[in-house]
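To start, the structure itself, in structure tokens.
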Amino acid sequence: MLAAALFDLDGTLVDTNDMHVRAWHAALRAHGFHVAPDRIAVEVGKGGDQLVPDLLGQGAEREAGDALRRAHDEVFTRLAEHEGIL
């Protein structure tokens, strides 16, 4: 029987910033956007609804924001599973 579940949403126990950078980088490239990982890194910590327009502008947010967020989530999940975090 499971006695407890622990969620580390803010990176206190596991630093996932690099995985988020890698996931955003892959998602952006898959949709034709070329943004340097170091530029993405300064935006990590924001929600995708803020990160996408801050990186790419409102036009890209309207046209591709939802698809980029879905792609990020898919890549991040694969990375986390591979790293044994999920």
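One hydrophobic cluster holds both I40 and L68 under the rule that ILVMFWY side chains link at heavy-atom gaps under 4.5 Å. Residue V35 is grouped with residue V21 when hydrophobic side chains (ILVMFWY) are merged at heavy-atom distances under 4.5 angstrom, including chains of intermediate members.
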Show every donor-acceptor pair shorter than 3.5 Å between a side-chain atom in residues 70-86 and any protein atom, with sequence neighbours excluded, or say none if there are none.
residue : atom : partner : partner atom : Å
H72     : NE2  : H20     : ND1          : 3.1
H72     : NE2  : W24     : NE1          : 3.4
T77     : OG1  : D73     : O            : 2.8

Test log, rule side chain to side chain contact (heavy atoms under 4.5 Å, CB included), inputs V44 and D18: CA-CA 9 Å; V44 168; D18 180 62; over 6 Å; no
Intermediate values then yes/no, side chain to side chain contact (heavy atoms under 4.5 Å, CB included), L56 and L28: CA-CA 10 Å; L56 305 174; L28 291 161; 3.6 Å; yes
Intermediate values then yes/no, side chain to side chain contact (heavy atoms under 4.5 Å, CB included), M19 and R22: CA-CA 5 Å; M19 285 193 326; R22 291 165 41 206; 4.1 Å; yes
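To the nearest 0.5 Å, the span separating CD on Q50 from CD on E61 amounts to 10.5 Å.
With sequence neighbours excluded, the residues that form a side-chain hydrogen bond (donor to acceptor under 3.5 Å, both in side chains) with D54 are K46. A search for side-chain hydrogen bond (donor to acceptor under 3.5 Å, both in side chains) contacts involving R29 returns nothing, not counting sequence neighbours.
In this structure, R69 and G48 approach most closely via the heavy-atom pair NH1-O, 3.1 Å.
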